[in-house]
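Not measured: the values here are computed from a predicted model.
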2 protein chains.
Amino acid sequence: MGTTQLESVPEPKYWHLKTVLSEALDSEFSVGEILPNERDLAARFGVARATLRQALEQLELEGRLQRRRGVGTTVAPPRMGVAVGSRQHAWPDAGDDWQAVDCTVTAPPAAVAAALETGPDEAVHTVRRSRVSHGQPVAAELLYVPASSVPALSAIDAPSGPARARGVLRELQRLELDGRESAVELGSARAEDAKELDRLPGAPVLVVTTRFLVEGRVAALSVATYRADTCRLTFGDAGGVVIDEGPERRAS
Amino acid sequence: MGTTQLESVPEPKYWHLKTVLSEALDSEFSVGEILPNERDLAARFGVARATLRQALEQLELEGRLQRRRGVGTTVAPPRMGVAVGSRQHAWPDAGDDWQAVDCTVTAPPAAVAAALETGPDEAVHTVRRSRVSHGQPVAAELLYVPASSVPALSAIDAPSGPARARGVLRELQRLELDGRESAVELGSARAEDAKELDRLPGAPVLVVTTRFLVEGRVAALSVATYRADTCRLTFGDAGGVVIDEGPERRAS
DNA sequence: CAGTGGTCTAGACCACACC
DNA sequence: GTGTGGTCTAGACCACTGC
């Protein structure tokens, strides 16, 4: 007696801790509420702070918690659905949620040049945009457009900055799009993107790479990094049927 | 003199380490090669093992490294592109890469029942499948099909197991699909999925949730968890244009 | 068995937000 | 200032793989 189980498969402490905390979040906390600080929590569960942090990190990765240095740990709202490529045959969204930040003309990174199938020397417009949803920054995008894709642009010779960025986008819309191909993968935020996303460098992000095709060529390449903690990327094309957005939690 | 920089913005050690290691991986290592063990590496860089591990964890998250307990750390191949929902109006893939594992009839988790818009008591076929690509397990899927979506199935009364799973899929194919809507989000592998994916519980995964629509109703719900370290999910619909798969690395 | 990565501890100090 | 999370250390032991 005493011990009910031999613990033949000893679960890691942080894993068990995560389960306990997760259940507590469901039953005893509401969105936005702040948790006790890490030192107190660790003491309460009788573990080292590092162990507790391992559990918190997982919960943050799953979008259940939000931690901010100097502030505290709060219960995160359910992830927001963010439409990505809902219209398969559309150019980059230029809706209210996207905002052009800057535009420069540089030689792109080698990997980008390869994907664009351009020579390493060809000039490429690099448009920086940020996306806001529900009042929060959710994505930072770099849109690479070979100068040859928007020949009219060189004549305009708009100054660098948002104005030029909008010019590039405007010129792009005029091309007839054959199709686009997207890929999603996990990454970690570069320092530059992290700042725009209001996260620390290295924060987990979903990187969406999209190739825009015109006449069999890649006319533009978009690399968008979405906050993985707050976003659920939706790729819906439900034949026009609208499905409501419930505050569902993933089954576990 | 002496110090060239005041280090006014002291970069965390693990972050700098990650950069150094990343460059070393590009220049001095080839795919599959094994790295020195963690204790040696930590000593070589003059940091604690925990700090080194923080760097390795990030690199593994980005798909650059692969670590296996009892074996060692190896250089990972570039992520494989895995097609997800390439045909917008198709039922779940039943190709060679998908393999039906099991099928039971149970009451689904509450979150699933909500997404299916079924009553909490309605019977639901739960099909378990696993996906293999390039000889490696890449995904574990749970496909929820309300009994009402495949009425013919109750008559067949196939035994549990792969045979019944294939029966459910066969019945599904007969329905005319209106459309489907997918979402991608970051998650951590449940113990059950982790085993199928040959990873430890808690490993980062990309969770693809797909709703299949028939006559305005959700006729089936798929929850597929893909290994985030080895997979790049492709959502392409490039208008029939084929784009070759290069071994590109993301710009950094 | 020896060697690997995975977990855990009990401290310390730092960077940042807020008062 | 005080209090928070973020980083870092130097150990220890455990679970697993492969010889």
In whole Å, I'd like the distance from the CZ atom of A:R49 to the P atom of C:dG11. 14 Å
So, OP1 or OP2 of C:dC8: does either fall under 4.0 Å of a side-chain N or O from A:Y14? no
If I take atom CZ in residue B:R199 and atom C1' in nucleotide D:dA15, what distance separates them, rounded to the nearest angstrom? 16 Å
C:dT4 phosphate, OP1 or OP2: any side-chain N/O from B:T73 under 4.0 angstrom? no
Would you call B:E38 and B:R53 a salt bridge, taking side-chain N to carboxylate O under 4.0 Å as the test? yes
If you assign each of B:G72 and A:A50 to its closest nucleotide in DNA chain C, which residue comes earlier from the 5' end? B:G72
By nearest nucleotide on DNA chain D, pick out whichever of A:G70 and A:P201 is the more 5' one. A:G70
Donor-acceptor pair (no angle test) under 3.5 Å: B:R39 side chain, C:dG3 base: no
Check this for me, if you would: do A:R64 and A:E62 make a salt bridge, where the nitrogen-to-carboxylate-oxygen distance has to be below 4.0 angstrom? no
Is a salt bridge present between B:R129 and B:D97, judged by a nitrogen-to-oxygen distance below 4.0 Å? no
Mind checking A:L200 for me? I need base, sugar-phosphate or nothing, with any heavy atom below 4.0 Å counting as a touch. sugar-phosphate
Of the nucleotides C:dA12, C:dC8, D:dG18, which one has an atom closest to the side chain of B:V71? D:dG18
Does some side-chain heavy atom of B:E57 sit less than 4.5 Å from a side-chain heavy atom of B:L61? no
What's the closest nucleotide to the side chain of B:A48 if the choices are C:dG5, D:dT9, D:dG5? D:dT9
Distance in angstrom units between B:K195 NZ and D:dA15 P, rounded: 17 Å
Separation of atom CZ in B:F45 from atom C1' in D:dT9, rounded to whole Å: 18 Å
Please report, rounded to the nearest Å, how far the P atom of C:dT4 is from the CG atom of B:L65. 16 Å
B:R53 has an atom CZ; how far is it from atom P of C:dG6, in whole Å? 5 Å
For the side chain of B:R69, counting heavy atoms from C-beta on, which of D:dC8, D:dT4, D:dC16 is nearest? D:dC16
Taking only N and O in the side chain of B:N37, is any of them less than 4.0 Å away from OP1 or OP2 of C:dG3? no
Between B:R67 (CZ) and C:dT4 (P), how many Å, whole number? 14 Å
Parallel, tilted or perpendicular: which fits the ring planes of B:W98 and B:Y226, with parallel below 30° and perpendicular above 60°? perpendicular
Reckon B:R68 touches a base, only the sugar-phosphate, or nothing at all at heavy-atom distances under 4.0 Å? sugar-phosphate
Compare the minimum distances between each of D:dT7, C:dG6, D:dT9 and the side chain of B:T51, then state the nucleotide with the smallest one. D:dT9
Using the side-chain heavy atoms of A:K13, tell me which of these nucleotides is nearest: D:dG5, C:dG5, C:dC8. C:dC8
Within this structure, what is the CG-to-C1' distance between B:L17 and D:dT7, rounded to whole angstrom? 13 Å
Is a side-chain N or O of B:T234 found less than 3.5 angstrom from the main chain of B:V82, in a donor-acceptor match? yes
